[in-house]
Structure formats: C-alpha cells, structure tokens
Asker: 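I am attaching a structure below and will ask some questions about it afterwards.
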Number of protein chains: 2
Amino acid sequence: MFSIGKLAAASHCKIPTIRYYEDIGLLPTPRRSAGNQRIYGDRDLLRLRFIRHGRELGFDLKAIGQLLQFSALDHTASNHQHSHQAEAIAKVQLAATYSRIARLQSLAEELELMLVNCDESNDHQCQVLEVLANHQLCQHH
Amino acid sequence: MFSIGKLAAASHCKIPTIRYYEDIGLLPTPRRSAGNQRIYGDRDLLRLRFIRHGRELGFDLKAIGQLLQFSALDHTASNHQHSHQAEAIAKVQLAATYSRIARLQSLAEELELMLVNCDESNDHQCQVLEVLANHQLCQHH
DNA sequence: CCTTGAAGCTCTAGTTACTAGAGGTTTTAT
DNA sequence: ATAAAACCTCTAGTAACTAGAGCTTCAAGG
Ligand SMILES: [Zn+2]
Ligand SMILES: [Zn+2]
Ligand SMILES: [Zn+2]
Ligand SMILES: [Zn+2]
C-alpha cells in the first residue's frame, strides 16, 4: 500500500512515466484514496519493475506488453506455450540488437576515416565536410 | 530546374521529408511556379544530398544544420575555423556511436545468456521471463 | 485545530524525424 | 478537352516519455 511517489522511488521510474504506463494500459488502473490519489500494492511494483527491466534490455513497450502476458504477473499462469513465445520475442530483440551494432560499427569506421583524413590533409581540405558533400568518398556504405 | 518529385528521386528522399526540411529551415524556401508548385535547382540538390548523407552517418538534424553552415553550401565560404568546428561535431558523433555500441553489446550478451539458460533449464523455467522479473539474475548491468 | 509545504491530481503540449491521409489544384500528355 | 499523374496545404500519428500550469489533498508541527 503505497503512493505513486513511493512506487516511483522503489522502481527507479519517474512519476509521469507511471501514469503514462497506466494510460496506455501497461499498468492496471489502481484503486484510489478518498481524495483521489493512486494507491499501489506489491504486485504493481513487481509489474513495474518487470516493465522497466524490459526497457533497460531494449525491448519496446509492445514487446513488453506481450512478455507480461506470458509471465505469471498477468494473472494467467505461465505455461510452456508462453515460454516459447517469450523466447521468440527475445530472439527478435537479439537479432535487432546485432543489426544495430553492425550498422553503428560501419558508421564509426566511416567517421574515424573522415577524422584521420582531416589530420593528414596538409592544406586541411576538411574531409568531414568533403565526405558529407560527396558520398563517393565513403568507404563503408 | 526541377519539381519536388524529381528532387526526391535524385536524392533518395521522400517528398514529405523535403517539405519537412523546408518547414524547419534546413532547406531554403524555393521559388514557385505560376501554379504554386516548388521549383528547385542544382544547389538545392547538393544541399539535400548533404543532409541525407549526414543522416545516414547518424548525425541529427541540429548537427547537420551546423555542418551546413560550416560548408561551402551555406554561401559563406568555409575556412579553417569552420573545419575545426566540423571536426568537433564529428568527434562528438563518433563518441556517441561508440557508447551506443558498447551498450548494445552488453544488452546482446544479456539476451544471449537468457536464451542459453532457457535451453539448459530441464524443467524449462523460462529464463527470459525469470530474468525480466528479477534483475538480480542479470550478469551484465 | 490549523496551517503550511510537500506531494498528488488532470490536461496540454513538446521532444525527434519523419510519414500518412484527406481533400483540393495544377501539370502533362493524349 | 479530358483524364491521369503530380502537386498543394493541413492535420494527425508514430515511440516513449517529459515538462509545466493550475488546482487539490495529505502529513506534520505548533
Ligand atoms: Zn577537417
Ligand atoms: Zn556515404
Ligand atoms: Zn524460456
Ligand atoms: Zn538486468
């Protein structure tokens, strides 16, 4: 039985974010005090921590919504079916993560090259600006 | 002298995106035909390609706006000062890229671990769901 | 009991970089 | 002359929050 402020502190999640999760249906509508303030229980804290942990691991809210359904936190007991679906979502996330890494690595190489060439140009014809103006000068994409 | 459609085709940029860049001031307001349709020239194409190339390299629009100012495309001639500023922006971008890579790599490791542990669990206590519910089970963050 | 400051409430709007669609006009080609 | 393609403006939607205005409620001290 705690207020939204306590819930926020216990979950490392900001108050407006908690209300936002409620708005979009990720958190259930909590009961209210006589004066209309939200009251939460332990179950809500577990659910919110699950959501935040999912976010830290890079899942989007839609995926987290599905994962919650597969978990015991969404009142239907979890079973083997659900576990397999959860794994499928995690695999998609992993693949997306690898492809982002690959893309960022090629960008980093390109940027490094620009900067190195800047240093080596003796009349300093700035390679950052030159390359941006002309994609032909790129090596990696 | 070409229409917005031709400009889009020549720059691999969608039409609404071109109008959006105009709205936010990244592209100058073009002159118009008698019937109010936009007319562009070669200069606009160079500028738009610069912008798009910057986006492909991961710069945000604010950084690209600055880079444009430093470049010869923004009618003030480029000079050494400008080159140094351009390099500074590229260095910031490079650092941000490396830190994103590092973060994604730790996430990928965590996801891999979850999936491996799922496979190894003989009663299949789904580790994806377990880990999400309990950050203590994480190794990497 | 009363007061005051902290915490909570709702609602709106802003962030980033676009994208989609409605409903109307102009161009281009036959 | 007509019809299709391209263009116009304006609004709103995307993801996941965050900030602020203006008002109400709660908790603690005197
Ligand atoms: Zn340079
Ligand atoms: Zn390139
Ligand atoms: Zn599993
Ligand atoms: Zn964790």
Side-chain angles (χ1 to χ4, degrees), chain A residues 1-27 29-40 44 47-68 89 92-93 96-97 100 103 107, chain B residues 1-27 29-40 44 47-68 89 92-93 96-97 100 103 107:
Chain A
M1 305 306 146
F2 28 84
S3 68
I4 196 168
K6 309 293 178 196
L7 182 64
S11 61
H12 306 295
C13 180
K14 292 185 182 162
I15 291 174
T17 304
I18 296 173
R19 292 199 273 246
Y20 169 72
Y21 288 158
E22 180 186 333
D23 283 351
I24 62 171
L26 259 196
L27 286 177
T29 62
R31 61 197 189 80
R32 302 288 187 122
S33 75
N36 198 35
Q37 305 199 347
R38 291 168 177 80
I39 301 172
Y40 296 97
D44 298 301
R47 192 176 174 95
L48 182 52
R49 280 191 176 146
F50 186 104
I51 294 169
R52 290 268 92 198
H53 197 197
R55 291 291 298 133
E56 281 173 32
L57 289 165
F59 293 94
D60 63 23
L61 291 180
K62 189 176 163 224
I64 292 171
Q66 295 176 306
L67 290 166
L68 274 167
I89 289 175
V92 166
Q93 180 62 28
T97 303
R100 266 176 230 141
R103 173 166 165 72
L107 297 186
Chain B
M1 304 308 143
F2 27 85
S3 68
I4 197 169
K6 309 292 178 195
L7 182 65
S11 63
H12 306 295
C13 179
K14 291 184 184 163
I15 291 174
T17 305
I18 296 174
R19 291 199 274 247
Y20 169 71
Y21 288 159
E22 181 187 333
D23 283 351
I24 62 172
L26 260 195
L27 286 177
T29 62
R31 60 195 189 81
R32 300 289 187 122
S33 74
N36 198 36
Q37 303 200 351
R38 290 168 177 82
I39 301 171
Y40 295 98
D44 297 303
R47 193 176 173 95
L48 182 51
R49 279 191 178 146
F50 185 105
I51 294 168
R52 289 268 91 197
H53 199 197
R55 291 293 296 134
E56 281 174 32
L57 289 165
F59 293 95
D60 64 25
L61 291 180
K62 188 176 163 223
I64 291 171
Q66 295 176 306
L67 291 166
L68 273 166
I89 289 175
V92 167
Q93 179 62 28
T97 303
R100 267 178 229 139
R103 174 166 164 73
L107 297 186

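Every chain is numbered from 1 and lettered A, B, ... according to where its sequence line falls, protein lines coming before strand lines. Hydrogens, waters and symmetry mates play no part in the numbers below; they use all other heavy atoms, side chains included.
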Asker: To check you understand the geometry: which heavy-atom pair defines the closest contact between Lys14(B) and Ala8(B), and what is its length?
Answerer: C-CB, 4.4 Å

Asker: Output the single nucleotide from dC17(D), dC8(D), dC9(C) whose closest atom is nearest the side chain of Ile4(A).
Answerer: dC9(C)

Asker: Please report, rounded to the nearest Å, how far the C1' atom of dC9(C) is from the CG atom of Asp23(A).
Answerer: 13 Å

Asker: Rounding to a whole Å, what distance do you find between Asp60(B):CG and dC18(C):C1'?
Answerer: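 Answer to the nearest Å: 14 Å.
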
Asker: Nearest-Å distance, CD1 (Ile18(A)) to C1' (dT10(C))?
Answerer: 16 Å

Asker: Look at the side-chain N and O atoms of Thr17(A) and state whether any lies under 4.0 Å from the OP1 or OP2 oxygen of dT18(D).
Answerer: yes

Asker: Arg38(A) CZ to dT24(D) P: how many Å, rounded?
Answerer: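 So the two atoms are 17 Å apart, to the nearest Å.
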
Asker: Using only side-chain N and O atoms of Tyr21(A), determine if any of them is under 4.0 Å from OP1 or OP2 of dC17(D).
Answerer: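 For dC17(D), OP1/OP2 do have a side-chain N/O of Tyr21(A) under 4.0 Å.
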
Asker: What's the closest nucleotide to the side chain of Arg52(A) if the choices are dC17(D), dA20(C), dC18(C)?
Answerer: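 It is dC17(D).
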
Asker: Do Phe2(B) and Ile39(B) have side-chain heavy atoms sitting under 4.5 Å apart?
Answerer: no

Asker: Between dT15(C) atom P and Lys62(B) atom NZ, what is the distance in whole Å?
Answerer: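 Rounded to the whole Å, the gap is 12 Å.
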
Asker: Gln37(B) or Arg55(B): which one's nearest nucleotide on DNA chain C is closer to the 5' end?
Answerer: Arg55(B)

Asker: Let me know the distance between OH of Tyr40(A) and P of dA7(C), rounded to the nearest Å.
Answerer: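 In whole Å, dA7(C) P and Tyr40(A) OH are 17 Å from each other.
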
Asker: Are Ser3(B) and dT27(C) close enough that a side-chain N or O sits under 4.0 Å from OP1 or OP2?
Answerer: no

Asker: Counting C-beta onward and ignoring hydrogens, is there a side-chain heavy-atom pair between Gln37(A) and Ser3(A) closer than 4.5 Å?
Answerer: no

Asker: Can you identify which nucleotide, out of dC18(C), dC17(D), dC9(C), has its nearest atom closest to the Asn36(A) side chain?
Answerer: dC9(C)

Asker: On DNA chain D, check which nucleotide each of Ile15(B) and Pro16(A) is closest to and give me the residue with the more 5' one.
Answerer: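 The answer here is Ile15(B).
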
Asker: So Phe59(B), base contact, sugar-phosphate only, or nothing? Heavy-atom distance under 4.0 Å.
Answerer: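 No contact at all - Phe59(B) keeps every heavy atom at 4.0 Å or more from the nucleic acid.
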
Asker: Tell me, do Leu107(B) and Glu56(A) make a side-chain contact under 4.5 Å, heavy atoms counted?
Answerer: no

Asker: Can you measure Lys6(A) atom NZ to dC26(D) atom C1' for me and round it to whole angstrom units?
Answerer: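 Interatomic distance, NZ of Lys6(A) to C1' of dC26(D): 11 Å.
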
Asker: Find the distance Arg32(B):CZ to dT9(D):C1' and express it as a whole number of Å.
Answerer: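 Between C1' of dT9(D) and CZ of Arg32(B): 10 Å.
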
Asker: State, with a plain yes or no, whether a side-chain heavy atom of Arg52(A) is found less than 4.5 Å away from one of Arg47(A).
Answerer: no

Asker: Taking only side-chain nitrogens and oxygens of Ser33(B), does any of them come within less than 4.0 Å of OP1 or OP2 of dT27(C)?
Answerer: yes

Asker: Arg19(A) has a side chain; which of dG8(C), dC8(D), dT18(D) sits nearest to it?
Answerer: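 From the listed options, dG8(C) comes nearest.
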
